[in-house]
Structures are given as C-alpha cells and as structure tokens.
Amino acid sequence: MPKLTIDGVEVEVADGSTVLQACEDAGAEVPRFCYHDRLSIAGNCRMCLVEMEKSPKPIASCAMPAGEGMVIHTNTPEVKKAREGVMEFLLINHPLDCPICDQGGECDLQDQSMAYGRHFTRFNEHKRAVKDKDVGPLVETIMTRCIHCTRCIRFADEIAGVEEFGAVFRGEHMEIGTYVEKAVSSELSGNMIDLCPVGALTSKPYAFTARSWELRKTESVDAHDAVGSNIRIDGRGGEVMRIVPRLHEDVNEEWISDKSRFAYDGLRKRRLDRCYVRRNGKLEEASWQQAFDAVSKALSGLRGDQIAAIAGDLADCESMTALKDLMTGLGSANIDCRQDGAKLGGSRCGYLFNSTIAGIEESDAMLIVGADPRWEAPLVNARIRKRWRQGGLKVGFIGAHRDLTYPVNNLGVGPKTLGQVAAGEHDFTSVLERSERPMLILGPGAVARTDGAGVLSAARTIAEKYTMVREDWNGFNILHRAASRVGGLDLGFVPGAAGRDVSGILASAESGAVKFVWLLGADEIDMMPLSKTFTVYQGHHGDAGAAAADVVLPGAAYTEKNATYVNLEGRVQRAYRAIYPPGDAREDWTILRAFSDEVARTLPYDTLDSLRGRMVEIAPTFSGVDKIAPAVWDNFGEPGEMSGEAFAGSVENFYLTDVIARASDTMAKCSSQFVARNQKKTGTNG
C-alpha cells in the first residue's frame, strides 16, 4: 500500500488507488467533471489537475495511479491558474441559460465555476450550437450545454449494458448522442440525468415544473419492486414533484430504475379519495360510517371459513399485520399475500435472497432459473453485470431467452433441464462443482406455477449438492418482484390451518363457499370469480380491484404514509410520509383499526409504535431496521413431478406492473415506445 504526502499530510492508500482518491482520503477537495467512482477513468475534463513534485507540469489526478513517496499539492498558485484555464475553456461554448435550466441549483458546473473559475472570459467568438437529440420520453437533451465529460456514454456501456450512446466527430464538432437516432432502451436510463454534471441531460417529465430549493425532501424507500431501492421524494405542497436515488451501497448503490424514478405522476391520477358503496349495481359516494356499516352488515352471520383476505404487491407490513389480526379475530384462516400463487412460505431461508444483493459480487458461478432480473429487479441485474465485468463469472440460464446485458449459457427452457442439473447429468454441473461461491437465483416464473413446490425442491437439491450453502456462504436465492412479499411471508400472511391460498379463495368465491373477500391493494388477480362474493377493496387507485368491489375504502400510497417494507434479501426498511393522502384517504392500518371497533374485534394497538411492537412479536426480525437477519438453512419445498412446460418471465411489461405505473402517463409512453413497438416488430407477447 503506497504512502503519499498530500498538502503536508501523509496518507496510506489501497493498491490501485488514484491520486484523486488519495487526495479525498487526505481531506483535500479536488474538483472534477468526468471522473466518477463507479465509472471507468476517462481523463477528459482536466479539472482535477494537481501539482506533483518532480513533474514538469500539473497532472490529471483522476488518471494518475498513486505511487510510493509522491508529494502532491492541491492548492498552489500554479494549480489555481490551471483550473481557471480549464474552466475558461469549458465555458467557451456553454450557453448562459442558467435561469431557465432545470439543473440550476444542483449544477456541478455552476458550483465549480464559482469556486475555481474566473469572473471573466477572454473569448468573444460566437458560441457553437448543437441540435438536441430525441432519446426517448424520459431524458431531455439540451446538447449545446454538453462539456463532453462522457459520463453518460460510460454509464450506458458499463452499468446499463446498452451500447447505444456514443460520440461522433472530433474536437469542437464532437457531439454526444445515440449512434442512430432512437430512444435509449434501458430500464436504468434516468440515472444519466444524475450523472450529467451540467444541464445537458435533464428529466423530461420534470422539466420546468419546480426549482430544487422549493422542494421538501423526504428520505424513503421504493415500492415498485422487491429491491427496496433507497430514494428521496421531493414534494411541493400536496404533490410529488420528482423522485431521485439515495445512496445505499448494499442495496441500490446510487442507481434506481426508470419506473421507480418516473412513475410518480401516476400518484396524481385515478386516485381513490373517498369511500364508495355499490348500490343497485353502481358504486356511489359514501361516508366512512356508511362504508363501515355496509361492510359490517355483509360480515354479519358469516363463519370464519366464509371470509378471506388477499394482500397486494404494494401493501406495507403495518397494514398486513392489522389485516391478519382482524381476520384472526373474525375466525378466518383464509389469508394470502402471494397474488401470483408462488409456492413459497414456511422456512425463511426458502424465500429470501440469502446471499444478499451485495453478495452477488462475491460469486464466481451463477445459475438463473425462471427469472428475468432485467425486468423483475433491474438493480439486481445491474449488480450481476457489475460482477461479470470484473471477470471470472459464468452464468447458466434456464428459461425463455432474454437479453440480460451480460452473456449467459442458455442451458434449456424448463424443469427438465433443472432436473438434469439436480441429477448431475448436465454439462454446466462441472462449472458449479469447480466454483468456490456458486449461486442459484430462482425467479417468480419458476415458483408461481402448479408445480412450483417441486421446482423449489429441485432447486434446494442443487444448492445442497453443489455446496451453495455452508457456514460462510448461502448462495440459494429467491428473486421476488413484489415489495410486500417478503414482509408478508415474515408476518405469516399465508393460509393458516385448513386455510385457503389465493387460488383456493378464488375457487371458493366462485362456488359460493367464500362469501366475503377483503382485498388490501390486490389488483393482479382474476376478479371474475369474485362476482358472487361481497368484496371490499382497500387501496389508493381505481384499478381492477376497485372496479370489482362492493365497498371501496381509500388508502394511502407508499409516498403518503410512514410504513415498513422488507426487501427481497430480508432487509427491514422504513418509508416516510412525503405528502398527505388526498381527500378522505387514510393510512391503511388506521382504517383497519377503526373498522375493528365496528365489528367488536378491536385491535390491541392505537399507535404506530405499538403496532410495530406487535410486528416484532410475530417476527423478531422486524426489530432491526436496515439489518439482515441470516436465515437458518432448513427443509422446504415438496419433491414431486415437474411439468414439461417452459419457465416464463413473470413480467410482460416492465412499465405497467402495478396500479401506480398503470396510472402514469410517462410509463404509458415508455410502454408504447419500448414494449409495444418491440412486440409488434418481433411478433412476441412479452
């Protein structure tokens, strides 16, 4: 490990570090535009110049490896003059349009020109102009502002894995954009907005709507998938104006998916802001008391086995706890949080992403079964690509062919291939046997089937046979796509003794055996079987569930409540209220608590803290926020016959997977441009 002296301070840095990183370790501030910790070094902007003793001229610290005995000065007159010169060159063609630029107030160029630039320029020539590029419905381009840092190019190539961005021409005529004018087809494209140090790439949906200093910032977590990406919600008044990523090295690093970032406009549309009761076949507005009276009347005289509840993919842990306790009080064991019918539950190790998201970087062999991580969990897919780029990772894939942005060995399409691997009869088994830290990722397309328990058992056999599970490593992973799933399973929101699962509830509702169903934001099920039952829908959007309901109770979206979510690796995280729910809508657990009084099944908690205490009673893992409690390896799955049907991805359209996204105009444009057009071109359905 080399030792350097930086501004009189001696520091020791890791092998392979750059001078810029050494300066940061020493507490010296070095400006930069092109350098980024997670991207390859380009050395384009030269803003990071520092003085090194025995060097005839200033060096670019981002591109200079730290060496033993180097003596670096970051604040000499020569360095100051060099940085002023660089800044003067960068501003030659940059337009003076800060007052109308959406980057204003958050612009690296603004900040660094104030701190390191001159207050005048010696260039009086006409500024060049560059035609704006159309790169899709998400990213706005004002390319005259571009300073050619190439961060966007490197992100698209290295992180997103879509080689669609690049530079053409040279020198002053250089332009950055897509090689052939088209939209950037990546689920992570919005991250280029954050990376751009100037206003060349900005958010198209957010354009000209607010200034950064007007916004109230709330740290929270995303609920559009099971990754639990850390986000910051920026609101003004009663409206979410934008959503941006928040750094969490172990979960999403500093990226979020485009759905997490841009679907927020769906929070304003198709909202349920008052109660409704169906009268004479038509939903009519009602007060809370009228709605509760209608539900109480429908429950009157029913036995527990005639009552059921289903929790949706966006449900928070507090509301599932309250609904479970209410159903227990009513004598019903017919509860389920697995809308897709996944054969998961019981042993915790059998439904977690046990290796953790960050643990992907430690694996050297991977078997992906019935999963489409690019659409089901884009940040997990980005982490796999990151590991692949480091070298030495071999990936086997069983399922429908999909471009995952990294090369895979397509082993087969269905359970037959899985059985061959489990029996040691496939060539890929030699890769798993030689691997030091093998990993298996089982997707929802594999377990949400009639033979899902058998598939799960075969996957467990593979994990045990190829030493994926040992004291220092657990490479058995379930890839979820619903934010509520792991939390619901931890809380035991699954059928009790003699209880029915989702398919059983729907079948019994159709036959008349179940006469009352409570839907907690459940919209991704077939509503036709519920036509004969009394259905209560509690949620925040007028989607399939509300249309089928006899009573609608307006709840709060994930941006409008203090709530707990558990991500796919079992990490307990808290979401915080950024804005208040519209109209008469209320936080979901408070609705259930209030209704429990109406039916004389009063829930034993009146505050959020006491409710969370109840959650800890059910599952002690809820006591540690932002912590992962490793699961003890146990028996799960049921050995049995597996069908010959090929595994299919669980997501047909990445941009329209939940009620918020389906209400979003921005997601509708993305669906039309990226999914519908591609399906029409290829003749496929997903």
Side-chain angles (χ1 to χ4, degrees), residues 102-106 137-140 189-191 193-194 202-225 227-248 252 254-274 312-316 319 483-484 521 539-543 554-565 573-588 655-670:
D102 276 320
Q103 197 85 342
E106 302 171 310
L138 303 178
V139 181
E140 182 70 60
S189 64
N191 293 292
I193 297 167
D194 299 328
T202 57
S203 170
K204 190 170 284 188
Y206 174 71
F208 307 122
T209 58
R211 287 298 197 180
S212 60
W213 54 85
E214 301 173 341
L215 305 177
R216 184 178 62 255
K217 300 170 175 60
T218 306
E219 294 185 349
S220 190
V221 293
D222 174 56
H224 285 287
D225 59 30
V227 174
S229 298
N230 283 233
I231 58 173
R232 193 189 77 208
I233 304 168
D234 290 353
R236 184 178 63 185
E239 188 175 345
V240 173
M241 303 303 296
R242 67 175 179 181
I243 292 176
V244 295
R246 187 162 53 93
L247 179 67
H248 196 305
N252 57 303
E254 58 188 89
W255 321 121
I256 55 173
S257 74
D258 287 347
K259 185 165 51 181
S260 303
R261 182 187 295 268
F262 292 111
Y264 63 85
D265 64 318
L267 294 166
R268 300 192 290 266
K269 300 178 175 65
R270 301 174 64 181
R271 288 304 302 270
L272 300 174
D273 59 357
R274 63 202 69 184
D313 292 349
L314 301 179
D316 59 274
S319 61
S484 65
H540 42 78
H541 275 76
D543 206 274
Y558 74 103
T559 58
E560 300 160 358
K561 57 188 173 184
N562 297 312
T564 303
Y565 292 92
Q573 299 190 106
R574 294 274 164 82
Y576 295 96
R577 182 173 57 218
I579 59 173
Y580 285 91
D584 292 336
R586 297 292 183 268
E587 292 191 22
D588 293 291
Y655 300 99
L656 303 177
T657 55
D658 56 64
V659 293
I660 299 173
R662 287 194 289 271
S664 165
D665 290 341
T666 304
M667 293 296 99
K669 292 175 184 176
C670 291

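For reference, positions follow the sequence shown, starting with 1. Model, not experiment: these values are computed from the prediction.
One distance of note links CD1 of I243 with CD1 of I256; it measures 7.0 Å at 0.5 Å rounding. From R577, atom CZ reaches atom CG of N562 across 5.0 Å, with rounding to the nearest 0.5 Å. For the atom pair OG1 of T559 and OH of Y576, the computed distance is 15.5 Å after rounding to the nearest 0.5 Å. Atom-to-atom distance recorded for S212:OG and Q103:CD is 9.5 Å, nearest 0.5 angstrom. Residue S229 holds its OG atom at 5.5 Å from CG of D222, rounded to the nearest 0.5 Å.
Side chain of N252 to main chain of E254: no donor-acceptor pair is present (N/O by atom type, distance under 3.5 Å, no hydrogens or angles). With R216 contributing its side chain and A578 its backbone, the two residues share a donor-acceptor pair below 3.5 Å. Looking at H248, its side chain never comes within 3.5 Å of a backbone N or O of I231 through a donor-acceptor pair. D258 places a side-chain N or O within donor-acceptor distance of the main-chain N or O of S189, the cut-off being under 3.5 Å. The main-chain N or O of D265 is never found under 3.5 Å from a side-chain atom of D665 such that the two would form a donor-acceptor pair.
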Pair Q573-N230, side-chain contact (heavy atoms from CB on, under 4.5 Å): steps then yes or no: CA-CA 9 Å; Q573 299 190 106; N230 283 233; 2.9 Å; yes

Quiz item: Which is it for L314 and D658 under the side-chain contact (heavy atoms from CB on, under 4.5 Å) test, yes or no, and what are the steps along the way?
Solution: CA-CA 8 Å; L314 301 179; D658 56 64; 4.2 Å; yes

Discussion item. With salt bridge (charged side-chain N to carboxylate O under 4.0 Å, His left out) as the criterion, how do E560 and R271 come out once you've worked through the C-alpha distance, each side chain's angles and the decisive distance to 0.1 Å?
Written reply: CA-CA 13 Å; E560 300 160 358; R271 288 304 302 270; 2.7 Å; yes

* To do: Test T666 against L138 for side-chain contact (heavy atoms from CB on, under 4.5 Å), laying out the working first.
  => CA-CA 8 Å; T666 304; L138 303 178; 3.4 Å; yes

Step by step, work out the side-chain contact (heavy atoms from CB on, under 4.5 Å) result for R261 and N191.
-> CA-CA 9 Å; R261 182 187 295 268; N191 293 292; 3.0 Å; yes

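Using a cut-off of 4.0 Å between Lys/Arg side-chain N and Asp/Glu carboxylate O, D102 and R211 are scored as not salt-bridged.
Taking every heavy atom of both residues into account, H541 and A663 meet most closely at CD2-CB, 3.7 Å. Across all non-hydrogen atoms, the minimal contact from A210 to Y206 is O-OH, 3.1 Å. Here the closest non-hydrogen pair linking A557 and L267 is CB-CD2, 3.6 Å. When all heavy atoms of D543 and R270 are compared, the pair lying nearest together is OD2-NH2, 3.7 Å. Heavy atoms only, all atoms of each residue included: P205 and F262 are closest at CG-CD2, 3.7 Å. Of all the heavy atoms in V221 and Y565, the pair that sits closest is CG2-CD1, 4.1 Å.
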Cut-off 3.5 Å, no hydrogens considered: what does the side-chain donor-acceptor table look like for residues 232-241, sequence neighbours left out?
| unit_1 | atom_1 | unit_2 | atom_2 | d |
| --- | --- | --- | --- | --- |
| R232 | NE | D234 | OD1 | 2.9 |
| R232 | NH2 | D234 | OD2 | 2.8 |
| D234 | OD2 | R242 | NE | 2.7 |
| D234 | OD2 | R242 | NH2 | 3.1 |
| R236 | NH1 | T209 | O | 3.3 |
| R236 | NH1 | E214 | OE1 | 2.8 |
| R236 | NH2 | T209 | O | 3.1 |
| E239 | OE2 | R268 | NE | 3.3 |
| E239 | OE2 | R268 | NH1 | 3.1 |

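For K561, the salt bridge (charged side-chain N to carboxylate O under 4.0 Å, His left out) partners are D316, D588, not counting sequence neighbours. Scanning for side chain to side chain contact (heavy atoms under 4.5 Å, CB included) contacts around E219 gives R246, with sequence neighbours left out.
For Y558 and H540, the ring centers are positioned 6.0 Å apart or more.
Within the 4.5 Å cutoff, the side chain of R662 has no heavy atoms near those of the M667 side chain. Between I660 and H224, some side-chain heavy-atom pair lies under the 4.5 Å cut-off.
Judged by distance alone, the side chains of K269 and S664 never bring a donor and an acceptor atom under 3.5 Å apart.
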